[in-house]
Engineer: 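Sending over a structure as structure tokens; questions will come in a sec.
Just so we're on the same page: letters track the sequence lines, and every chain starts at 1. The analysis underlying the following values was restricted to heavy atoms, covering all of them including side chains, and did not include hydrogens, waters or symmetry mates.
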Amino acid sequence: MTVSLRYDDGTLRAEGDALDELPGVEYDARSHTGRAPAHRYAAIRDWLDRNDRAVDDDVLALDTVPDLHSDYELRSYQQDALDAWAAGGGGDEPLPNRGCIELPTGSGKTVVAIGAIERLQTPTLVVVPTLDLVHQWRTELEREFDAPVGQFGGGEQRAEVLTVSTYDSAYLKAEDIGDRFGLVVFDEVHHLGGEGFRDIGRLLAAPARMGLTATFERPDDAHEIIEELVGPLVYRLSVDDLAGDHLARYDVKQLTVELTPDERERYEEHQSTFTDYLARSNIRFTSGSDYQELIKRSGTDPEAREALLAKQRARRIMMGSQAKVDALADILDDHRGDRVIVFTAHNALAYDISERFLIPTITHETGTSERREVLEKFRDGTYSRVVTSNVLDEGVDVPDANVAVILSGSGSEREFTQRLGRILRPKTDGGRALLYELVSAETAEERVASRRRG
DNA sequence: TTGACTCAACATCCTTTGCTACAA
DNA sequence: TTGTAGGTTTCCATGTTGAGTCA
């Protein structure tokens, strides 16, 4: 009656009796073997243990770990988050050491993971979206633990007891290394909802899983898949919960500006090209995904294509209106002594601002060395202002500022939260941070702006 | 090691009105 | 009656990143 479990290239192989009772296992009667995606390992083991079934478990191949001890003292909310995670939660049969934690940028998410590593004393894989974060995590882990730290990504492929990987490299290697870790930490776990990246979660057998993010929910509802792969949201604090204690207090000022008559005319023309097409072709946006229908049509229907292009042009006008640039001039004037980051939605606008106000700019076209130089000079005070598009939203260690100006942006709540996070590091003088949001009156931007505020 | 390139993957992209079929 | 879910699978454009290749 013994059930034997093995890891086999990203799946679990089960042999024995009554395999069809096991949760998530597909039984093949001919070969008398069962198969399940590797992420079901913890649930299957849990079921077997609860039903007093004998198990020959050879799934994990874990290296022995040195004593993983960190001197870090968790803040009370970090401790609460760690405890909630250890208890698991949600669902009918919650599994321990599983779940996602939502904490604002700058509140010390890394430290919660370090606490988990120390508690479990098991080989751990940390998965992060960018190489910048790979380096930050390596530095952190090497400082906290007396253990070698390996890396997947950025040209290195070396596994150690503690290993940091990009999502891309984890995707490529998951099948090979899926049995070598007892704990996996997904930093910026919302990425795991991506169509391809979710396979990483499926192919790993690690029973303990932690997801960290500042914005758990996804507009496409893929966080439900994340809950299945990592665990439910077990702990959550918002920026407002920590403002004043561990993050700076802040104010948001929304400034409404008018289009010039010429801009207004062009905006209305493009916008109506778009809406006229919608009316004519009977397209209704009853759900968010209906926009896909329009995009699909534009592949074959020139009018649909023209409608979309017109919409693009209208967006560009409202997002980069003259009045916004003028308002920015006033803001920069009012904040001569402050450290200001200006955000735009389009590179062209970022370059315009850069030229007009002589502010250094960072976009994805900025090379690594130049980028490093600009950030370094912003950090040491040589520059007090930076203009950027979407580059600094996530995964880059950006020096603190106290004023942010959103000249234009998408309706994404995530983008807004990340941009706000850039100014929330506690101020030495206890001062408040200030975020300006510029919105063109009577345009679709009013709706966009309200959407991103949740 | 670096830099320049290509490629693939991911994310956002949206209007305010009310179709159609089916289940509770 | 009322409320809720609903077929299809791919991609107009822009921004961003990591991996891989080649010099």
Side-chain angles (χ1 to χ4, degrees), chain A residues 127-135 151-157 165-173 188 190-200 215 218-222 271-279 281-316 318-320 343-351 362-372 388-396 408-416 418 443-452:
Chain A
V127 188
V128 304
T130 64
L131 287 168
D132 225 64
L133 280 169
V134 168
H135 299 137
Q151 175 175 329
F152 298 146
E156 242 184 272
Q157 301 292 329
S165 172
T166 59
Y167 276 85
D168 288 84
S169 285
Y171 176 73
L172 296 171
K173 288 197 75 91
E188 311 290 357
H190 48 270
H191 287 283
L192 195 65
E195 207 67 53
F197 287 165
R198 54 184 72 163
D199 281 345
I200 302 168
T215 46
R218 291 172 51 111
D220 62 358
D221 286 339
Q271 183 71 10
S272 59
T273 303
F274 178 68
T275 47
D276 286 355
Y277 177 79
L278 292 188
S281 54
N282 230 2
I283 291 179
R284 282 189 190 74
F285 292 99
T286 48
S287 79
S289 60
D290 290 341
Y291 190 68
Q292 295 303 315
E293 167 66 24
L294 179 56
I295 290 171
K296 190 182 154 200
R297 254 194 233 194
S298 69
T300 51
D301 177 358
E303 281 191 53
R305 189 180 130 83
E306 185 48 37
L308 274 173
L309 290 177
K311 182 67 197 164
Q312 293 274 346
R313 289 193 283 268
R315 290 188 63 212
R316 221 168 251 277
M318 74 182 188
M319 287 183 153
F343 294 99
T344 70
H346 297 286
N347 287 334
L349 183 58
Y351 292 131
I362 296 180
T363 73
H364 79 278
E365 292 165 331
T366 313
T368 334
S369 56
E370 191 187 342
R371 185 183 300 197
R372 200 170 18 233
T388 179
S389 40
N390 300 313
V391 188
L392 303 184
D393 284 354
E394 176 187 283
V396 187
S408 58
S410 73
S412 159
E413 209 178 322
R414 170 162 302 124
E415 181 190 272
F416 182 81
Q418 285 165 341
T443 65
E445 197 171 34
E446 291 178 330
R447 201 165 36 241
V448 170
S450 73
R451 200 166 64 228
R452 67 175 160 239

Engineer: Please determine, for the side chain of A:Gln292, which listed nucleotide (C:dA13, C:dG15, B:dC13) has the closest atom?
Structural biologist: B:dC13
Engineer: Suppose we call a contact any N or O donor and acceptor under 3.5 Å apart; does that hold for the side chain of A:Lys296 and the base of C:dT8?
Structural biologist: yes
Engineer: Taking the side chain of A:Arg371 as heavy atoms from C-beta outward, which of C:dT17, C:dT14, C:dA13 is closest to it?
Structural biologist: C:dT17
Engineer: With the side chain of A:His191 defined as its heavy atoms from C-beta on, choose the nearest nucleotide among C:dA19, B:dT15, B:dA11.
Structural biologist: B:dA11
Engineer: Using a cut-off of 4.0 Å on non-hydrogen atoms, how would the nucleic acid contact of A:Gly367 be classed: base, sugar-phosphate, or nothing?
Structural biologist: nothing
Engineer: Which part of the nucleic acid does A:Ala304 contact within heavy-atom distance under 4.0 Å: base, sugar-phosphate only, or nothing?
Structural biologist: nothing
Engineer: Nearest to the side chain of A:Arg315 - C:dC12, B:dC13, C:dG15?
Structural biologist: B:dC13
Engineer: Quick one: CD on A:Glu445 to OG on A:Ser450, what's the gap to the nearest 0.5 Å?
Structural biologist: 11.0 Å
Engineer: Let's test this: given Watson-Crick or G-U wobble pairing with both distances under 3.5 Å, identify the partner of C:dA5.
Structural biologist: B:dT20
Engineer: Mind checking if A:Arg313 touches a base, just sugar-phosphate, or nothing, with heavy atoms under 4.0 Å?
Structural biologist: nothing
Engineer: Quick check: on DNA chain B, is the nucleotide nearest A:Arg414 upstream (toward 5') of the one nearest A:Phe274, or the reverse? Name the residue that is more 5'.
Structural biologist: A:Arg414
Engineer: Side chain of A:Arg305 only, heavy atoms from C-beta on: which candidate in C:dA13, C:dT17, C:dA19 is closest?
Structural biologist: C:dA13
Engineer: When we call it a touch if two heavy atoms are under 4.0 Å apart, what does A:Glu156 touch: a base, just sugar-phosphate, or nothing?
Structural biologist: nothing
Engineer: Taking only nitrogen or oxygen atoms into account, show me every contact under 3.5 Å that the protein makes with nucleotides 6-9 of chain B, one pair per line with its distance.
Structural biologist:
none

Engineer: Can you identify which nucleotide, out of C:dA19, C:dG18, B:dT12, has its nearest atom closest to the A:Thr130 side chain?
Structural biologist: C:dG18
Engineer: When you match A:Gly155 and A:Val391 each to their closest nucleotide on DNA chain C, which lands nearer the 5' end?
Structural biologist: A:Val391
Engineer: For nucleotides 21-23 of chain C, list the nitrogen or oxygen atoms of the protein found under 3.5 Å from its nitrogen or oxygen atoms, one pair per line.
Structural biologist:
none

Engineer: Hey, does A:Asn347 reach any base, or is it just sugar-phosphate, or nothing, if we go heavy atoms under 4.0 Å?
Structural biologist: sugar-phosphate
Engineer: Hey, which sits more toward the 5' end of DNA chain B by its nearest nucleotide, A:Ala444 or A:Pro219?
Structural biologist: A:Pro219
Engineer: With sequence neighbours left out, what residues match A:Glu446 under salt bridge (charged side-chain N to carboxylate O under 4.0 Å, His left out)?
Structural biologist: none
Engineer: Kindly point out which of C:dA19, B:dC14, C:dT17 is positioned nearest to the side chain of A:Leu131?
Structural biologist: C:dA19
